[in-house]
Amino acid sequence: AHTRLDALLTRAPNYSAALIMKSRWLVLENKLDEALARARPAGAADPQSSEAHFALAIAQERRRETADATKSYQEVLRLNPRAVAAQVALSRLNLQAGDKARAQRFAEEAKQSEPGNLAARIALVRSLIASGNSSRAQSEIAVLLKGAPDIAMVHAVNGMHQARVNNPKA
């Protein structure tokens, strides 16, 4: 598959969709420098492509370029305000940075955009746990346990919540 895509990029080096696909594959292979090298020209070739900026953000985040990844995810949201994956990513990055309120806001927006999205709901629970909003976290977890009882991550956030309830300093 790489060979065919590389041949296409040889003929059309600025073909944004092919650059995005190549970047995503390279991220999966943990070839992050190469992924970034493909994602950047995708955005330049099609500046209005939220997909191109998302591919760039993923490569930047995986390279631990948090500030750049945040800017790229924000650009995704500027281009597509209902991009749930970008909202979830920004929630996660803000939570990692210690900005619990902003993390919760992005998670709330993601849930509002796509109420059935499991990643959005889990991001919301994580931000609620971090903020100490135990009762709301518990009600969100109850919904998750009922709707997705076989998903390990649902049980993981439930365990995080239970640990926090039993040891508030955890």
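Keep in mind that what you see is a predicted model, and the values were worked out from it rather than measured. Excluded from the calculations below are hydrogen atoms, water molecules and symmetry mates; all remaining heavy atoms, backbone and side chain alike, are included.
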> With the 4.5 Å side-chain cut-off for hydrophobic clustering, are Leu145 and Val143 part of the same group?
no
> State yes or no: do Leu56 and Leu26 share one hydrophobic cluster built from I, L, V, M, F, W and Y residues joined by side-chain heavy-atom distances below 4.5 Å, directly or via other members?
no
> Could you check whether any side-chain N or O of His155 sits under 3.5 Å from a backbone N or O of Pro149, counting only pairs where one atom can act as donor and the other as acceptor?
yes
> Give the cluster check for Leu90 versus Leu95: same hydrophobic cluster or not, with ILVMFWY residues linked at side-chain heavy-atom distances below 4.5 Å.
no
> Would Glu34 and Lys22 pass as an ion pair if we require N to O under 4.0 Å?
no
> Are any of the side-chain nitrogens in Glu61 or Arg92 under 4.0 Å away from the carboxylate oxygens of its partner?
yes
> Looking at every heavy atom in both Ala110 and Val88, which two are closest together, and how far apart are they?
CB-CG2, 3.9 Å
> Which atoms form the tightest heavy-atom contact between Ala148 and Leu118, and what is the distance?
CB-CD1, 4.3 Å
> Do side-chain atoms of His161 reach the backbone of Ile129 as a donor and acceptor pair under 3.5 angstrom?
no
> Around atom CD of Glu29, are there more than 12 heavy atoms of other residues, nucleotides or ligands at under 6.0 Å?
yes
> Indicate, with yes or no, if Val125 and Ile151 share a hydrophobic cluster defined by side-chain heavy-atom contacts under 4.5 Å among Ile, Leu, Val, Met, Phe, Trp and Tyr.
yes
> Should Glu51 and Arg24 count as an ion pair when the cut-off is N to O under 4.0 Å?
yes
> Are side-chain heavy atoms of Ser72 and Thr70 found at a separation under 4.5 Å?
no
> Salt-bridge test for Arg136 and Glu108: reply yes if a basic N is under 4.0 Å from a carboxylate O, no otherwise.
yes
> Less than 4.5 Å apart, any side-chain heavy atom of Leu79 and any of Pro47?
no
> Hey, could you give me the CZ/CD distance between Arg121 and Glu114, rounded to the nearest 0.5 Å?
11.5 Å
> Any donor-acceptor pair under 3.5 Å linking the side chain of Ser23 with the backbone of Leu19?
no
> Could you grab the distance from atom NE2 of His53 to atom CD of Gln60, nearest 0.5 Å is fine?
10.5 Å
> If Ile, Leu, Val, Met, Phe, Trp and Tyr residues are connected whenever their side-chain heavy atoms lie under 4.5 Å apart, and connections chain through other members, are Met160 and Ile141 in the same group?
yes
> Between atom CG of Leu124 and atom OG of Ser131, what is the distance when rounded to the nearest 0.5 Å?
9.5 Å
> On a heavy-atom basis, which atom in Ala83 and which in Leu77 lie closest, and how many Å separate them?
O-CD2, 3.6 Å
> Give, for atom CZ of Phe106 and atom CG of Asn94, the distance between the pair rounded to the nearest 0.5 Å.
5.5 Å
> Is Arg126 close to Ile122 at the side-chain level, that is, under 4.5 Å between some pair of heavy atoms?
yes
> Do Tyr73 and Gln87 have side-chain atoms, one donor and one acceptor, less than 3.5 Å apart?
no
> With a 4.5 Å cut-off on side-chain heavy atoms, are Trp25 and Leu5 touching?
yes
> Could you tell me whether the side chain of Asn80 and the main chain of Val76 form a donor-acceptor pair under 3.5 Å?
no
> For Asn158 and Val154, indicate whether the former's side chain and the latter's backbone hold a donor-acceptor pair under 3.5 Å.
no
> To check you understand the geometry: which heavy-atom pair defines the closest contact between Arg62 and Leu32, and what is its length?
O-CD1, 3.4 Å
> Which pair of heavy atoms, one from Ala69 and one from Ala57, lies closest together, and at what distance?
CB-O, 3.7 Å
> For Ile20 and Ser49, which heavy atoms make the closest approach, and how far apart are they?
CD1-OG, 4.1 Å
> Between the side chain of Ser16 and the main-chain N/O of Ala42, is any donor-acceptor distance below 3.5 Å?
yes
> Taking the side chain as every heavy atom from C-beta outward, state whether Ser91 and Gln104 have any pair of such atoms under 4.5 Å apart.
no
> Is there a side-chain contact between Lys111 and Glu140, using heavy atoms and a 4.5 Å cut-off?
yes
